[in-house]
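Notes for the one structure printed next.
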Amino acid sequence: MKYCPFALLLLAGCGPADQPAATTPPPRPKPPGPDIAALTDSAAPAALLAYGRAHPGSEVLFKTRLGTIRVRLFEDTPIHKANFLLLTRRGVFDETVFNRVVKGFAVQGGQTSGPRTIRLHRYRLPPEIRPNHFHVKGALGMARYDDEQNPGHLSSNTDFYFVVGEKLTPYQSRAAAGRPLTPAQVRAYATQGGVPSLDGKYTVFGEVIEGQDVVDKISHVKVDPQDKWPIEDVGMKVEVVK
């Protein structure tokens, strides 16, 4: 038997002399859809609507160390829906954490605890506020910033939140709401809870259909009192499942 010294280091050199050299694997195909490193406020709506028509989806799954959350995305908020599907498929949210947790209010995600490896331009989304979508417990909404410099209430492209809220009497929910509430919405705030003060101001584009208990667990983690960032990061892996 032929003896091959340093087998662990030189294993490849001990085979037959005519063994073909290893070939470089072909590059991965470029994922479909717009270049997220080049999108702008003005270009994003048309590009995202086209992406949503070509690559539809309706449900996403969040996997966290505290459990999984299944979410249905609404058809009548097509820009926000397409944006979330696109960034999910590109792996953007897999690099993020739940970065702001306010007990009895909401848990917000979309920021990183370190530098991004996926190039992503900061663009914003036009509001898609619908009267039938409101901030009941379990609603998925998109954050926005800089009200004074953002009179159009444009949404963030990455910062989302799950509503937690509290149960409210009909008087409390009507007084807090940013718009008139239907009787069904008043009942939902009384029986399920929520944050009616956000209604009419932020786009709600989805809802939790499984795993609300996981959202509740996240809302109770210990946070830094200054910025409400969890002491122990709650990361996520997000995938389109339907």
Side-chain angles (χ1 to χ4, degrees), residues 27-64 69 71-101 106-130 133 139-162 198 201-206 227-230 233-241:
R28 291 183 179 180
K30 184 179 179 181
D35 180 0
I36 59 176
L39 284 178
T40 63
D41 290 0
S42 59
L48 291 170
L49 286 172
Y51 177 81
R53 289 191 295 268
H55 306 281
S58 60
E59 293 182 13
V60 294
L61 191 69
F62 292 75
K63 297 179 181 179
T64 78
I69 307 163
V71 173
R72 180 172 70 90
L73 304 178
F74 297 144
E75 293 290 338
D76 57 356
T77 53
I79 297 175
H80 284 70
K81 177 183 177 182
N83 177 72
F84 210 81
L85 291 171
L86 174 63
L87 298 191
T88 295
R89 289 169 175 148
R90 296 289 175 85
V92 169
F93 296 118
D94 293 352
E95 296 189 346
T96 69
V97 298
F98 285 96
N99 55 282
R100 186 168 184 264
V101 172
V107 299
Q108 183 171 314
Q111 292 290 316
T112 64
S113 55
R116 290 187 184 275
T117 65
I118 300 173
R119 290 185 62 226
L120 176 69
H121 188 72
R122 181 182 181 272
Y123 58 89
R124 297 174 298 178
L125 311 175
E128 296 179 293
I129 297 170
R130 310 295 185 228
H133 301 321
L140 172 65
M142 215 67 179
R144 60 175 172 78
Y145 301 94
D146 303 321
D147 280 2
E148 293 184 1
Q149 301 176 26
N150 183 20
H153 289 181
L154 301 178
S155 300
S156 166
N157 60 337
T158 58
D159 295 340
F160 63 89
Y161 58 89
F162 288 111
L198 301 179
K201 301 175 183 178
Y202 298 83
T203 295
V204 173
F205 67 102
D227 59 8
K228 306 302 182 183
W229 194 297
D233 276 348
V234 182
M236 67 193 80
K237 297 293 181 182
V238 190
E239 60 180 294
V240 179
V241 293

* Structure fact -> Taken in chain and number order and not counting sequence neighbours, the residues that satisfy ring pair (Phe, Tyr, Trp, His ring centres under 6.0 Å) with Tyr161 are His135

For the residue pair [X] and [Y], establish whether any side-chain heavy-atom pair is separated by less than 4.5 Å.
{"X": "Arg144", "Y": "Leu154", "result": "no"}
{"X": "Glu239", "Y": "Leu61", "result": "yes"}
{"X": "Leu140", "Y": "Val71", "result": "yes"}
{"X": "Gln108", "Y": "Lys228", "result": "no"}
{"X": "Arg100", "Y": "Asp227", "result": "no"}
{"X": "Val60", "Y": "Leu73", "result": "yes"}
{"X": "Val238", "Y": "Asp94", "result": "yes"}

* **Ser155 and His80 side chains, donor-acceptor separation under 3.5 Å** => yes

* Asked: Does a side chain donor of either Gln111 or Asp159 reach within less than 3.5 Å of an acceptor in the other side chain?
  -> yes

Partners passing side chain to side chain contact (heavy atoms under 4.5 Å, CB included) against [X] (at least two apart in sequence or in another chain):
{"X": "Ala37", "answer": "Asp35, Arg119"}
{"X": "Ile129", "answer": "Pro127, Arg179, Thr203"}
{"X": "Glu75", "answer": "Lys81"}
{"X": "Leu120", "answer": "Ile36, Leu87, Val92, Arg116, Tyr123, Asn157, Thr158"}

* **Any donor-acceptor N/O pair, Asp233 side chain to Gly235 backbone, under 3.5 Å** => no

* To do: Please answer whether the main-chain N or O of Arg130 pairs with a side-chain N or O of Asp76 as donor and acceptor at a distance below 3.5 Å.
  => no

* Asked: Yes or no on side-chain contact (heavy atoms from CB on, under 4.5 Å) for Glu128 and Val204, after CA distance, side-chain angles and deciding distance?
  -> CA-CA 8 Å; Glu128 296 179 293; Val204 173; over 6 Å; no

* Asked: Does the pair Phe98 and Thr64 meet the rule for a side-chain contact (heavy atoms from CB on, under 4.5 Å), with working shown?
  -> CA-CA 10 Å; Phe98 285 96; Thr64 78; 4.1 Å; yes

* To do: Going by the ring pair (Phe, Tyr, Trp, His ring centres under 6.0 Å) test, name the single residue among Phe84, Phe160, Phe162, Phe74 that passes it with Phe205.
  => Phe84

* Any chance you could lay out the side-chain contact (heavy atoms from CB on, under 4.5 Å) test for Ile79 and Leu125, step after step, and finish with the verdict? => CA-CA 7 Å; Ile79 297 175; Leu125 311 175; 4.2 Å; yes

Output a table of donor-acceptor pairs, distance under 3.5 Å, between side-chain atoms of residues 47-59 and any protein atom two or more places apart or on a different chain; print 'none' if there are none.
from: Tyr51; atom 1: OH; to: Arg89; atom 2: NH1; distance (Å): 3.1
from: Glu59; atom 1: OE1; to: Arg70; atom 2: NE; distance (Å): 2.6
from: Glu59; atom 1: OE1; to: Arg70; atom 2: NH2; distance (Å): 2.9

* Mind listing the closest non-hydrogen atom pair of Pro230 and Val101 along with its distance? => CG-CG2, 3.8 Å

* Provide the closest heavy-atom pair for Pro34 versus Leu39 in the form atom of the first, atom of the second, distance. => CB-CD2, 4.0 Å

* Asked: For the residue pair Phe93 and Phe62, is the inter-centroid distance of their aromatic rings smaller than 6.0 Å?
  -> no

